[in-house]
Asker: 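Sending over a structure as structure tokens; questions will come in a sec.
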Amino acid sequence: MAYINKIILKTFIDGPGSRMAVFMQGCNLRCKYCHNPETWNLCIHCGECVKNCKKGALFFEDGKVKYNKDLCAKCDVCINVCPNNSTPKYEIMSAGDVYKIAYYNKDFLDGITLSGGECTLQYEFILELFKLIKENTKLTTFIDTNGYIEFDILKKLIDVTDGFMFDLKALNSENHIKLTGYDNEKILKNLEYVSKNGLLYEVRTVLVEGFNDSEDEIEKISEYIYKLNSYTKFKLIPFRPLGVKGELSNMESFDKEKFEKCYNISKKILKSRLKD
Amino acid sequence: MNGIIEILSDTKLDYKQKRAALSSFAENSLPYVDISDKARKYMEDGIICNLNEGNAPYRPRYVLPDYKKYFENGSKYLNIKKPSDMYEAVNALLIIYNYVPSITGYPVYLGNIDELLEPYCDSVSERELENLLKMFLINIDRNLPDAFVHANIGPKDTKVGRIILNLEETLKDAVPNLSLKCSKDTPDDFIKLAIKTSLEIGKAYFINHDELVKVLGENYGIASCYNALKIGGGSFTLVRVNLKEVAKISKDYNDFIERVLPDVINCQCEIINERARFIVEKAKFFESSFLAREELININNFTSMAGIFGLYECVEILSGMKMGFDNIAYEMAENIIKRAYELVKEKEGLYCNGYSGKIGFHAQSGIDSDIDVSAGVRIKTGCEPEIFEQIKLEGKLQKYFDTGVSDIYIFDKTAKNNLEGVLTIIKGAFKNGIREMTINTSDSELIRITGYLVKRSDIEKYEKGEPLREGTVALGADSIKNCGILDRKVRGI
């Protein structure tokens, strides 16, 4: 069983072709710019959301917070008031449950992408789900990860996964610690391993002013990807305050002109491997 | 006489539009073709509608000339020889288009233009080829300013087809309407080019060629909105039934199925046959048309069309449930369509020789005056379920329609960077029974109204009262107001 934050039946931006995306609950990094901090933790049933829900969609049952989808107005007040960076709305589903949804829509899909939170924290679920998908459909299996995974687990996942998308927060270790609270050594090692296996579909970096947007950082990260292999695409994403909590919640969207400058620096190095 | 003065002094109509309106006025000064009182009553009550075809039809509604034959033999009547190069081929087509009759006065079918022109590619340089095709398309848009003017390309990959798709994306003109026939042999990158064009300008239609070949044979064309008809033939008339109104006069579902619907469809077919009779026997169309004389059309390829629309509201009235969200509603919807199909097919279709003496069944896409009633078998705009569910449900209904049915799926702009993904969805739709479909993005300059396209900017001009070349802009502007066209669900991420 796994904690599922949300399933999107059709996405065009989470890997190649038409894909179903499964966003899983729980994360092991604490990125300052995280757009979905409600995916970090599991619910501790404090009830703050129940107090604030005006539609009665949240209530207590046997001391636990329960959620009635039909009454929900999707106002997201529950997420905003949660003191624990969680949400009362995630569901517990089995690999079979998620597989059934993908199978039902298989005619319209190229594949399935697991994302988060950090989906690899629930790697046993992924192994089971991807195995079902591989055995019964032609759908491809992708993982969107921050790369902060134990190497043994990564090796197991590689056996059932067709492609990985890595969020590389920064190449410079200090910048990485400033942004996420963790060093990136393990992440880079994993990324390089996936790259060598021919499975590194895409690397993404969110540009955050003053953290990872120096010319030096952009150049280095682009060169790093350029030298990794000849196939991985790189995507630069401008910071947006939408959904962000904490220190950076009042930061403005990343400046357009500045973004263009960063984009052009990277474009010179990566050419067509830099995505629009 | 007041009507004539009204037409003459209408500042929203230009000269040609006034001339067309005057000719309709003259035609309608005759009594309606000879039909029963009951059929007449259904028309007066808005239960049956003949889509402004006029009281005394003197030409078929849809004519699909065999342009291939025209290229092989030339035309005595037009004094056109068999074309020997691309210049002559383009010229020959632009000439004959002005001689193809229809209800609007503009040809509703321009031919499988890439297949027709491809053999002449070697007669000109690359640059000339592109220039000629550009002038060809601009000429069609300016001289045949009616969004029901419809060109076909595919299913074979062609240089001409690719150039046309690229040109269309840059020209951004509403005319011609365009369909790409997609078969299992059509290369993916040809379809992807059409997807790219579609996400910018809302055309082409994607046609499930393999499926339509099973119904109509290889020799079919897509005309007007999305009507699938035999080449060298066409349809005498299209008379439609408003299922919402039929539901309103039924006591309950059983009464609808057993008593009211059969009675209405009986009258619909009566009207259809009388109109066909009038065209053939009274107006003697086939005796006066050079297209018939030169065998570019043949009565043996013709049919008539029985249309239905308003299924969504019909089901809502009869069951209190909504198509797309309740399984029972959907079962009911399919039963209604199956029943209507069978009722139409029970009748003899006069002169419907192209369909073995049967009338074609059509999901009519609605017109400007339709208020609070959905096109064909489509789910009400704004109430569509999740896209894959919508496609599956629509796919189950589309199989009943042998002369045209379609749905429109609106994507958000992320689709533009993922043509592969859209291709998968289109192929999935075909696999699930979809015969004809179109896609668009919510920010497109061209808006697909029901089956045809209009420019957003032209609608604004129309609202200000400026005269415009295209009569379909007026239809489009009124449809947007009356039918909630812009409320269609956007398929986002």
Side-chain angles (χ1 to χ4, degrees), chain A residues 5-23 35-36 69-70 74 98-113 115 133 137-142 144 162-163 165 201-202 204 233-238 240 242-243 263 272-276, chain B residues 182 184 188-189 191-192 195-196 198-199 206 208 210-211 324-327 384-396 398 407 409-434 437 439-443 489-493:
Chain A
N5 177 279
K6 186 164 58 178
I7 292 178
I8 292 179
L9 297 178
K10 181 194 98 296
T11 159
F12 287 144
I13 56 169
D14 294 286
S18 163
R19 312 191 72 79
M20 172 171 134
V22 181
F23 297 89
H35 297 98
N36 313 97
K69 210 187 258 179
D70 297 335
K74 300 188 179 83
V98 177
Y99 162 74
K100 271 185 209 157
I101 298 171
Y103 187 84
Y104 181 72
N105 291 314
K106 68 179 187 319
D107 290 349
F108 308 102
L109 294 171
D110 290 295
I112 177 168
T113 298
S115 184
I133 299 263
T137 74
K138 289 178 181 164
L139 300 180
T140 58
T141 52
F142 272 61
D144 181 1
D162 297 311
M165 285 169 286
Y201 175 76
E202 186 177 304
R204 301 159 164 189
K233 302 267 185 194
F234 183 45
K235 181 148 181 82
L236 281 171
I237 301 165
R240 288 189 192 90
L242 193 74
Y263 179 90
S272 65
R273 287 176 59 193
L274 180 69
K275 287 182 95 173
D276 287 332
Chain B
C182 307
K184 56 181 184 311
D188 283 354
D189 65 339
I191 305 178
K192 277 201 270 185
I195 291 172
K196 183 169 166 278
S198 285
L199 292 171
F206 296 89
N208 190 343
D210 299 323
E211 196 58 32
F325 293 94
D326 299 296
N327 283 341
E384 301 94 337
E386 175 279 312
I387 184 170
F388 300 153
E389 198 58 29
Q390 185 188 356
I391 293 174
K392 282 184 182 202
L393 297 173
E394 291 284 326
K396 282 184 198 160
Q398 286 210 0
D407 207 352
Y409 304 108
I410 311 282
F411 292 111
D412 70 21
K413 61 181 183 190
T414 62
K416 292 183 184 179
N417 288 324
N418 196 335
L419 305 179
E420 193 70 39
V422 181
L423 176 68
T424 300
I425 294 174
I426 291 174
K427 285 186 174 177
F430 286 172
K431 205 174 162 188
N432 281 269
I434 294 290
M437 61 177 278
I439 58 173
N440 204 346
T441 47
S442 43
D443 57 355
K489 276 260 175 85
V490 178
R491 306 322 184 146
I493 44 168

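Throughout, protein chains are lettered first and strands after them, A, B, ... in sequence-line order, and every chain is numbered starting at 1.
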Asker: Hey, could you give me the CG/NZ distance between A/Asp276 and B/Lys416, rounded to the nearest 0.5 Å?
Answerer: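 The NZ atom of B/Lys416 is 13.0 Å from CG of A/Asp276, to the nearest 0.5 Å.
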Asker: Does the ring of A/Tyr104 carry B/Lys392 above it, NZ/CZ under 6.0 angstrom from centre and within 45° of its axis?
Answerer: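 Because its charged atom sits under 6.0 Å from the ring centre and within 45° of the axis, B/Lys392 does stack over A/Tyr104.
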Asker: When you look at NZ of B/Lys192, are more than 12 heavy atoms from neighbouring residues, nucleotides or ligands closer to it than 6.0 Å?
Answerer: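 Correct, the count exceeds 12.
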Asker: Just so I know, are the side chains of B/Ile425 and A/Lys10 near enough to count as touching, which here means a heavy-atom distance under 4.5 Å?
Answerer: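 Side-chain contact under 4.5 Å: yes.
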Asker: Hey, could you give me the CZ/OG distance between B/Phe388 and A/Ser18, rounded to the nearest 0.5 Å?
Answerer: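 Interatomic distance, B/Phe388 CZ to A/Ser18 OG, rounded to 0.5 Å: 4.0 Å.
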Asker: In terms of heavy-atom pairs under 4.5 Å with chain A, which of B/Leu423, B/Thr424, B/Asn432, B/Ile426 leads?
Answerer: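 Option with the greatest count: B/Thr424.
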Asker: As a quick check of understanding, evaluate side chain to side chain contact (heavy atoms under 4.5 Å, CB included) for A/Leu9 and B/Glu389, giving each step before the final call.
Answerer: CA-CA 10 Å; A/Leu9 297 178; B/Glu389 198 58 29; over 6 Å; no
Asker: Hey, is NZ on A/Lys100 packed in by over 12 heavy atoms from elsewhere, all under 6.0 Å?
Answerer: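 No, not enclosed.
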Asker: So for atom OH, which belongs to A/Tyr263, do other residues, nucleotides or ligands contribute more than 12 heavy atoms lying within a distance under 6.0 Å?
Answerer: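 Enclosed.
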